[in-house]
Amino acid sequence: MEGIASGQSVEALIQWLYLRMVIFDIEDPGDQVSAAIELVRLADMCSISGMEPQMARYIKKVLVANPNPQSNHFWRHVDTNTYCLTPEHIAAASRLPQKHPVRRILAAASVEGYLRDQNHKFAEETQEYPSFGADLLWEVGMALDEIKSTSKVAFKDPISGHRAEIKAGREI
């Protein structure tokens with residue numbers, strides 16, 4: 001089954017079942033993410049649980065280690081966190097169950113781009129895959145909860161046109 005069961009994902013699943021860990025022998029960061037998503041989709045299909053948080057951490061580690069090369073200590077490219085992600089990753093992860101840690105990590109990686117540029121890397125995917133859009137919206141809310149500023153952060157309400165403040169520590 002393309003995108004779910006390959007020799008690589010079956011081998012990784014067997015590693016997980018016997019060792020409770022998975023080591024991918026892959027160099028390319030995009031392929032590393034693909035392998036992790038394929039593994040969790042196979043595990044989900046086989047009703048095997050427990051690896052989800054580990055694979056989400058693995059993907060996060062890959063994303064952090066492979067930022068957009070245009071980013072540096074003084075400036076972050078809008079696609080810093082999503083540099084090695086592809087639309088195929090979003091599509092495959094969108095087929096995982098709601099609130100799956102791997103789905104959430106891909107959405108979390110997209111928050112900075114979403115907040116900084118309306119034409120962010122996965123703008124089309126938020127429309128094409130409503131579950132990804134919902135995950136992204138949830139992660140944006142979580143990021144906004146982290147605002148800890150004494151100055152007020154405001155936005156223009158799209159309905160009334162009035163200025164509205166974002167409260168630090170708001171409840172979702």
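In this chain, numbering begins with 1 at the start of the sequence shown.
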Q.
As an exercise, state the distance from CD1 of I59 to CZ of R104, rounded to the nearest 0.5 Å.
A. 14.0 Å
**Q.** Pairwise salt bridge (charged side-chain N to carboxylate O under 4.0 Å, His left out) hits with a residue in residues 42-58, at least two apart
**A.** none
Q) Would a hydrophobic clustering, with Ile, Leu, Val, Met, Phe, Trp and Tyr connected at side-chain separations under 4.5 Å, put V10 with I37? A) yes
Q: Mark yes or no for whether H100, through its side chain, and P97, through its backbone, hold a donor-acceptor pair below 3.5 Å.
A: no
Q | Atom pair CG (N66) and CG (N81), whose distance is rounded to the nearest 0.5 Å | A | 11.5 Å
(Q) Does Y129 have more than 12 heavy atoms from other residues, nucleotides or ligands lying within 6.0 Å of its OH? (A) yes
Q: Only counting residues at least two apart or in another chain, list the ones meeting side chain to side chain donor-acceptor pair (under 3.5 Å) with Q15.
A: none
Tabulate below the donor-acceptor pairs under 3.5 Å that side-chain atoms of residues 17-25 make, not counting sequence neighbours, or state none.
none

Q) Is there a side-chain contact between Q54 and W16, using heavy atoms and a 4.5 Å cut-off? A) yes
Q) H120 and S110: side-chain donor and acceptor closer than 3.5 Å? A) no
**Q.** Joint cluster assignment, L136 & Y83, ILVMFWY side-chain distance < 4.5 Å
**A.** no
Q: Report the residues that fulfil ring-ring contact (aromatic ring centres under 6.0 Å, His included) with F132, sequence neighbours left out, ordered by chain and then residue number.
A: none
Q) Between CD1 of I90 and CZ of R95, what distance do you get to the nearest 0.5 Å? A) 11.5 Å
Q. If every non-hydrogen atom of K156 is compared with every non-hydrogen atom of G161, which pair is closest and at what distance?
A. CG-O, 3.6 Å
Q: Name all pairs fulfilling the salt bridge (charged side-chain N to carboxylate O under 4.0 Å, His left out) condition that reach into residues 60-89, sequence neighbours left out, sorted by first residue then second.
A: R76-E112
(Q) Using the rule that Ile, Leu, Val, Met, Phe, Trp and Tyr join whenever any side-chain heavy atoms are under 4.5 Å apart, tell me whether V78 and L106 fall into a single cluster. (A) no
Q: With rounding to the nearest 0.5 Å, note down the distance linking CD1 in I105 to CG in D135.
A: 11.5 Å
Q | Candidate pair C84 and L63, rule side chain to side chain contact (heavy atoms under 4.5 Å, CB included), full reasoning | A | CA-CA 7 Å; C84 58; L63 299 178; 3.6 Å; yes
Q.
Under a 3.5 Å distance rule, please check whether E139 uses its side chain to pair with a backbone N or O of V111 as donor and acceptor.
A. no
Q. For H77, what residues pass the ring-ring contact (aromatic ring centres under 6.0 Å, His included) criterion, not counting sequence neighbours?
A. W75
Q) How long is the gap from OG on S34 to CD on Q8, to the nearest 0.5 Å? A) 9.0 Å
Q: Write down the atom of M55, the atom of A36, and the distance for their closest heavy-atom approach.
A: SD-CB, 4.0 Å
Q: Spell out, yes or no, whether Y58 and I14 are grouped together once hydrophobic residues are joined by side-chain heavy atoms under 4.5 Å, including indirect joins.
A: yes
Q: For K121 and T82, indicate whether the former's side chain and the latter's backbone hold a donor-acceptor pair under 3.5 Å.
A: yes
Q. When rounded to the nearest 0.5 angstrom, what is the spacing between CD in E38 and CZ in R41?
A. 8.5 Å
